[in-house]
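To keep things clear, I will list the structure first and then write my remarks on it.
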Amino acid sequence: MPEISVIIPTYQHARHDCRVFESIFGQTFKDIEVIVVNDGSTDNTEEILKPYLDKIIYKKIANSGAPKQGTRALASPVAAS
């Protein structure tokens with residue numbers, strides 16, 4: 001089990017996601033799990049995430065708003081896809 005879990009909710013933020021991952025994976029501390037919860041983005045978020053799918057846990061949900069993203073990420077099983 002990783003020492004640190006980072007949950008990243010995203011909705012229509014594809015243009016920022018690469019910088020987020022570069023920052024996280026550029027850290028010297030490596031015992032990190034990254035969970036991305038896509039709240040039904042219709043931009044190119046999934047395309048941007050493709051290079052990172054082997055390093056992240058990814059879950060796409062129907063658009064429900066930011067407060068529910070974190071709750072769903074913590075309350076339900078999350079599987080890499």
Side-chain angles (χ1 to χ4, degrees):
M1 179 173 221
E3 190 168 341
I4 295 175
S5 296
V6 179
I7 300 174
I8 303 170
T10 187
Y11 177 72
Q12 309 295 67
H13 291 126
R15 65 189 178 279
H16 302 294
D17 287 342
C18 282
R19 290 190 311 214
V20 170
F21 296 125
E22 289 171 11
S23 176
I24 291 170
F25 296 123
Q27 301 297 313
T28 56
F29 185 82
K30 300 296 182 189
D31 194 14
I32 300 172
E33 89 179 326
V34 178
I35 302 168
V36 178
V37 181
N38 180 352
D39 191 26
S41 295
T42 57
D43 63 1
N44 64 331
T45 294
E46 289 190 329
E47 186 68 29
I48 296 298
L49 294 176
K50 280 184 181 180
Y52 303 98
L53 289 177
D54 62 331
K55 299 178 183 179
I56 66 173
I57 298 168
Y58 176 68
K59 181 168 185 160
K60 184 173 182 177
I61 61 174
N63 184 263
S64 60
K68 290 186 180 178
Q69 288 180 8
T71 303
R72 284 188 182 183
L74 294 172
S76 65
V78 181
S81 58

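Along the sequence shown, residues carry numbers from 1.
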For [X], all residues meeting side-chain hydrogen bond (donor to acceptor under 3.5 Å, both in side chains), sequence neighbours excluded:
X     : answer
Lys50 : Glu47
Glu22 : none
Asp43 : Thr45

- Message: Quick one: does any side-chain atom of Asp39 pair with a main-chain N or O of Thr10 as donor and acceptor, under 3.5 Å?
- Response: no
- Query: Backbone N or O of Glu3 within a donor-acceptor pair of the Asp31 side chain at under 3.5 Å?
  - Reply: yes
- Task: Tell me, please, whether Phe21 has Lys55 positioned over its six-membered ring: NZ or CZ under 6.0 Å from the ring centre and within 45 degrees of its axis?
- Result: no
Measure the [atom1]-[atom2] distance between [X] and [Y] for me, rounded to the nearest 0.5 Å.
X     : Y     : atom1 : atom2 : answer
Glu33 : Ile4  : CD    : CD1   : 10.5 Å
Ile48 : Arg19 : CD1   : CZ    : 11.5 Å
Ser41 : Leu49 : OG    : CG    : 8.5 Å

What about [X] and [Y], same hydrophobic cluster or not, with Ile/Leu/Val/Met/Phe/Trp/Tyr joined at side-chain heavy-atom distances under 4.5 Å?
X     : Y     : result
Ile32 : Tyr58 : yes
Ile61 : Ile7  : yes
Val6  : Phe25 : yes

- Task: Give the C-alpha distance, both sets of side-chain angles, the deciding distance and a yes or no for side-chain contact (heavy atoms from CB on, under 4.5 Å) between Ile24 and Ile8.
- Result: CA-CA 11 Å; Ile24 291 170; Ile8 303 170; 3.6 Å; yes
